[in-house]
Number of protein chains: 2
Amino acid sequence: MTQDRLFVASLEKAMTVLYTFSSGIQSQSLSEIAIASGLDKSAVQRFTHTLTKLGLLEKHEQTRRYSLGKKTLELSYFYLRADPLIERATPIVLALRQRCNERVNLSLFDDTTILYAIRQPSRHDYPGASLVGRRMPLHCTAGGRAIMAKLDEAHIDDILARSELTPLTPYTLLDPERIRAEVCKTRERGYALAVQESVPGELTLGAAIINAQRQPIAALHIAGSISDWSPADFEDKLAPLLLEAVHILNHNMRL
Amino acid sequence: MTQDRLFVASLEKAMTVLYTFSSGIQSQSLSEIAIASGLDKSAVQRFTHTLTKLGLLEKHEQTRRYSLGKKTLELSYFYLRADPLIERATPIVLALRQRCNERVNLSLFDDTTILYAIRQPSRHDYPGASLVGRRMPLHCTAGGRAIMAKLDEAHIDDILARSELTPLTPYTLLDPERIRAEVCKTRERGYALAVQESVPGELTLGAAIINAQRQPIAALHIAGSISDWSPADFEDKLAPLLLEAVHILNHNMRL
DNA sequence: ATTTTGTGTATTGCAATGCAATACAAAGAA
DNA sequence: TTCTTTGTATTGCATTGCAATACACAAAAT
C-alpha cells in the first residue's frame, strides 16, 4: 500500500515516459524509452501504446520510433487561453517590442524556475529563442531575480537551497551570496540586469509582475545582444520602457 | 476485460479531466469537473489530486478550484524544440512577417485539423490570435485547404466525412462540393484564399509545406484584415511572397 | 548466406492499484 | 439556525496494470 492512497501511479509513469523527451531528442525507440525512463519493457509498451492513442506521442510507422505528439501543443493552448494575464499582457508585450526593437518575453513564476509564456522575437533570434514553455532557473535570469526581489528572505533561501546552481555560461553567478546581492540591487531599482548569465552574448532586463496581493506571479523581460549594446546603454535606454510596461500591467492587476 | 489489453484506461481518464478545460474556462471546482467529465466523484478526486502533484493542474488554496498547470506549457516546449520543421521555419516566418507586415502563422497537419505551431502577430491582433496550440478545422482555413489540395480524392472525402461542418462565421463554406471546388482552385494556384470563413473580418492566404515524400505536413499562412485590404489586393500583393517563402521551405525539405 | 543477438509484439496469471460506496467535515445557501 | 451541497477521508474489493515469458522480426555479426 502506498503512502498516498489518492495518488494514481500510472499517471506519474506516463509523465516519466513523456519527460524522457525533455533532453530535446527528436525520437526514441521503445527500448531507448525503457532505458531513459527506468521502467520495465512491458510497462513502456503499455504506456507508449496508450499515449500514442491519446495523441501525446506519435509512432513513426517505418522506424517504429516515437516522437512527442501534437496533443501536447493543444494542452498548452488551453492553458494560455485561460490565463487572464496572457490576454492582458499580450498587447503590452507587442507594444514594448515595437518601442524597444528587441526581443520581449513574459515568463510565469513556478517554484524555483520561470517558464516562458509569451515570446516576441527580434532579428537576433537563436534556435529556441521564441519557443513558449521553456523553463529557466530563477537565480540566473533577470526576470527570475526580479521575482525573487519581491519575496521575503526565507523564501529566497528556500529557492536557492532547492536550485541547481550549475553554470549555463561561463558568466553565470553561482555563489548564493552574490545572487542575494544582485537580488538586493534589483529590489532597490525595481528591475534586474543579467549579462550573459543564461545565454552567451545576451543582455537581459527583467521586472516582476505582481498580483492583487502584491505577490510576484510573472516577469517581463527585454533581451538584447552585447554585439549591439553596452550593458550601460542597454540599461539606461530600455529599463525605463520596461518599468513603464510593468507599471501598466501591475496597475491593471489592482483594479 | 477490455478489448485492448495494452490500453491504460487511467491515462484516458486523466486526459478527460484535462480536456474539461478545452472550453476555455479559467477554473473549475471538483464537482464541476466531475459533471463535465462524466467521471465518478472519487475518480475525479484521485485524478485532480494526482494531476496537481504532477504540475498539470493547479489548485487554488482558498477557492479550492482547479486550473491547468504550467507543466502543460513545458510539454509543448519539448515538442516544438524537437520538431526540425519549427527550427527551420522560424526565420522564414519572421522574414515573411517583416516583408508583408501582416500576421504570419505556421500550422501542423493533424488528421482533420491544423494546429498552430508558430504565430507571429501584427497590429491587428485579437485575443488568442498569437497562441500556439490552437486547433482549427482543415475545411474552412486557407492553410487547411492548401493541405487538402496535396491529398488524393479519397483522403479528402474521408476528411470531409469526419469533419464537423459547422459554421465558425456566417461566411463559412459548409457544402462539401463547394469546399472541393475551393480545394481544386487551390491545387491550380498553389495557395488558398479564405475570406472571413474562420474569423470575422479576417482574410487568410495559405500554402502547404510538404515532406521529402511530397506529402503535406504543415501550412504557412498570412492573415490580414478586410478593413485594410480588398481580397483582390491582398491576394495580388501577398500570395507571391507566401509562395516564395513556401518554396524556400519545401526546397530545404528535399535536401 | 547463415547464425546470433537485440528489439518489438503478444499473451496471461496474478497482485496491487484504482474504484466507488460510504461516512464525515466543511462550506454555502436558504 | 438549519438544510443542502461539496470536498475530503476511508476502506473492502474487483479490475486493471504488472511483468514474466514466449515468439516474431529486424539488425548485427560471422
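We name chains A, B, ... by the order of the sequence lines, and we start the count at 1 in each one.
Heavy-atom distances to DNA chain C give each of Asp40(B) and Tyr66(A) a nearest nucleotide, and the one nearer the 5′ end belongs to Tyr66(A).
Across the protein-nucleic acid pair, Arg5(B) atom CZ and dT21(D) atom P stand 18 Å apart, rounded to whole Å. Distance CD1 (Ile35(B)) to P (dT5(D)): 12 Å, rounded to an integer number of Å. We find that CG of Asp4(A) is positioned 12 Å from P of dT17(C), with the value rounded to whole Å. The CD-P distance, from Glu61(B) to dT8(D), rounds to 12 Å in whole Å. Residue Leu39(B) contributes atom CG, which lies 12 Å from atom C1' of dA20(C) at whole-angstrom precision. We find that CG of Leu6(A) is positioned 8 Å from C1' of dA9(D), with the value rounded to whole Å. Counting to the nearest Å, the P atom of dT5(D) and the CD1 atom of Ile33(B) are 20 Å from each other. Put simply, CD on Gln45(A) is 16 Å from P on dA22(D), counting in whole angstrom units.
Side chain to side chain, Ser67(B) and His60(B) fail the donor-acceptor criterion of an N or O pair below 3.5 Å. With 3.5 Å as the limit, one finds a donor-acceptor pair spanning the side chains of Thr113(A) and Arg135(A).
Of the residues in residues 8-32 of chain A, those lying under 4.0 Å from DNA chain D by heavy-atom distance are Ser10(A), Lys13(A).
Atoms CG and CD1, from Leu108(A) and Ile86(A) in turn, are 5.0 Å apart once rounded to the nearest 0.5 Å. Going from atom CD1 of Ile114(A) over to atom CD1 of Ile147(A) covers 6.0 Å, rounded to the nearest 0.5 Å.
Judged by distance alone, the side chain of Arg81(B) and the main-chain N or O of Ser22(A) form a donor-acceptor pair under 3.5 Å. Under a 3.5 Å cut-off, the side chain of His247(A) and the backbone N or O of Leu243(A) do form a donor-acceptor pair.
Electrostatic pairing of Arg65(B) and Glu32(B) counts as a salt bridge here, judged by a charged N lying under 4.0 Å from a carboxylate O. Note on Lys71(A) versus Asp110(B): no salt bridge recorded, every NZ/NE/NH1/NH2 to OD/OE distance being 4.0 Å or above.
With ring centers used as reference points, Phe78(B) lies under 6.0 Å from Tyr19(A).
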Distances for protein N/O vs nucleotides 23-29 of chain C N/O pairs under 3.5 angstrom?
none

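When each of dT21(D), dG8(C), dT22(C) is scored by its nearest atom to the side-chain atoms of Lys59(A), the top-ranked nucleotide is dG8(C).
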